[in-house]
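Just so you know, residue 1 is the first one in the sequence shown, and it goes up from there. When a ligand or atom number is given, it counts from 1 through the structure's own listing order.
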Amino acid sequence: MRAFGYLRPTGPEEAVQLLAGSPDARYLAGGTNLVDLMKLEVERPRLLVDLGRLPLGGIAPADGGALRIGALVPNADLAADPLVRAAYPVLSEALLAGASGQLRNRATTAGNLLQRTRCPYFQDTAKPCNKRRPGTGCPAREGVHRDLSVLGGSEHCIATHPSDLAVALAALGAVVELLGPDGARTLPVTDLHRLPGDRPDEEHRLLPGELVTAVVLPPPVPDAVSAYRKVRDRASYAFALASAAGVLAVRAGRVTHVSLALGGVAPKPWRARTAEQRLVGGPADEASFTAAVEAELAGARPLRDNAYKVPLARNLAVRLLCTLAGAGEVR
Ligand SMILES: Cc1cc2nc3c(=O)[nH]c(=O)nc-3n(C[C@H](O)[C@H](O)[C@H](O)COP(=O)(O)OP(=O)(O)OC[C@H]3O[C@@H](n4cnc5c(N)ncnc54)[C@H](O)[C@@H]3O)c2cc1C
Ligand code: SF4
């Protein structure tokens, strides 16, 4: 690991100023991703701005029945929070499906959202990679891509976003609160990450120096039920091959509300808007769910070794919706 500077500001504004004045600086939260990447020399910051002393903890009710989650809330605390477990079970389940107990104690809400891809070429500085070194190529397309994306990739990058939390937040319609050199603003989680296009190195829409200060969940949808399902190579900690987060409300056999997001299949948490549009107002049955999810996946462009993800994601999402329909119908 290379030598680096280390500062511990006590206020968000001070942290933003430190980062904005130093292009090679990085915010340090739990460090469970950033420090690993520094050891691999994928990340080479000259300065770490440790967020640990900032007052960005806490989970508290907000205006209009929303729930505000501080950027530094550990994943374990968020998963165990009684309000989250009662009103947003999809979020708690997604967190508990990710990483290990020790990692969840350390990993934070914002750090989880902004963790980097697990593409093996990205993590190996001896290999070319457009995301790590723009213009060097994407060896994953012809090489090892079993775990990589089938939706939303480009000829320049097919990395997947690894966060389970982000998939649940996309389904819930969460909003990220940001503080930057020019002030505060908000961004829907679904707009936080970019698709790679011809600039896979530009992963998110944060402006230089912007700090995630909180994530806000909208009020729970009346009469809706929610859940998260994940398929991985082993039951202990492993990243998603495919996952699905769903929120569903059904009345008299018809869908009155649905939001669905897929994970492990795209470079960002994939909100399944095509499927949602087909489902609202229609019958809450397996045939309808299957047709809608297949319409969503019609745009999939699998490569040699990851075509299995298309039926996997379909079956996972359909099964999730069937389960939610069974649990949630208001007769
Ligand atoms: C063995 C292992 C297994 C794992 N399995 C899973 C899994 O199954 N599912 C899953 O979702 N994750 C998994 N993870 C990833 C883990 O969840 C992330 O490493 C963790 O959530 C990152 O959070 P952190 O606080 O440690 O972030 P850091 O490592 O501190 O930071 C990550 C990035 O976010 C930036 N950042 C942090 N906070 C802010 C902020 N407030 N504003 C702006 N930028 C910020 C940092 O600059 C850095 O670029 C696994 C990790 C390991 C090591
Ligand atoms: S998929 Fe993306 S991260 Fe992986 S090698 Fe290609 S450019 Fe790099």
_Through direct or indirect side-chain contacts below 4.5 angstrom among Ile, Leu, Val, Met, Phe, Trp and Tyr, which residues connect to Y121?_
V144
*How many angstroms lie between CD1 in I59 and CG in D81, if you round to the nearest 0.5 Å?*
4.0 Å
*Just need the protein heavy atom nearest to atom 1 (C) of ligand 1, so name the residue and atom and give the distance.*
Y237 CE1, 3.6 Å
*Kindly determine whether D223 and R251 satisfy side chain to side chain contact (heavy atoms under 4.5 Å, CB included), including the steps that lead there.*
CA-CA 9 Å; D223 299 327; R251 185 173 288 274; 3.2 Å; yes
*Among pairs that include at least one residue of residues 257-267, which meet side chain to side chain donor-acceptor pair (under 3.5 Å), considering only residues two or more places apart or in two chains?*
none
*To which protein heavy atom is atom 12 (N) of ligand 1 closest, and what is the distance rounded to 0.1 Å?*
Q115 NE2, 3.3 Å
*Return yes if some donor-acceptor pair links the side-chain N/O of T109 with the main-chain N/O of V73 below 3.5 Å, else return no.*
yes
*Closer than 2.8 Å to atom 6 (Fe) of ligand 2, how many protein N/O/S atoms do you count?*
1
_Please work out, at 4.0 Å between heavy atoms, whether the side chain, the backbone, both, or neither of A166 comes within that distance of ligand 1._
neither
_Nearest-contact summary for atom 47 (O) of ligand 1 - protein heavy atom, Å_ = Y27 O, 2.6 Å
*Does any N or O in the side chain of S154 come within less than 3.5 Å of the main-chain N or O of D198, such that one atom is a donor and the other an acceptor?*
no
*Co-members of I158 in a cluster of I, L, V, M, F, W and Y side chains, linked at under 4.5 Å*: L148, L303
*Shortest protein heavy-atom distance from atom 45 (C) of ligand 1, along with the residue and atom involved*: L114 CD1, 3.7 Å
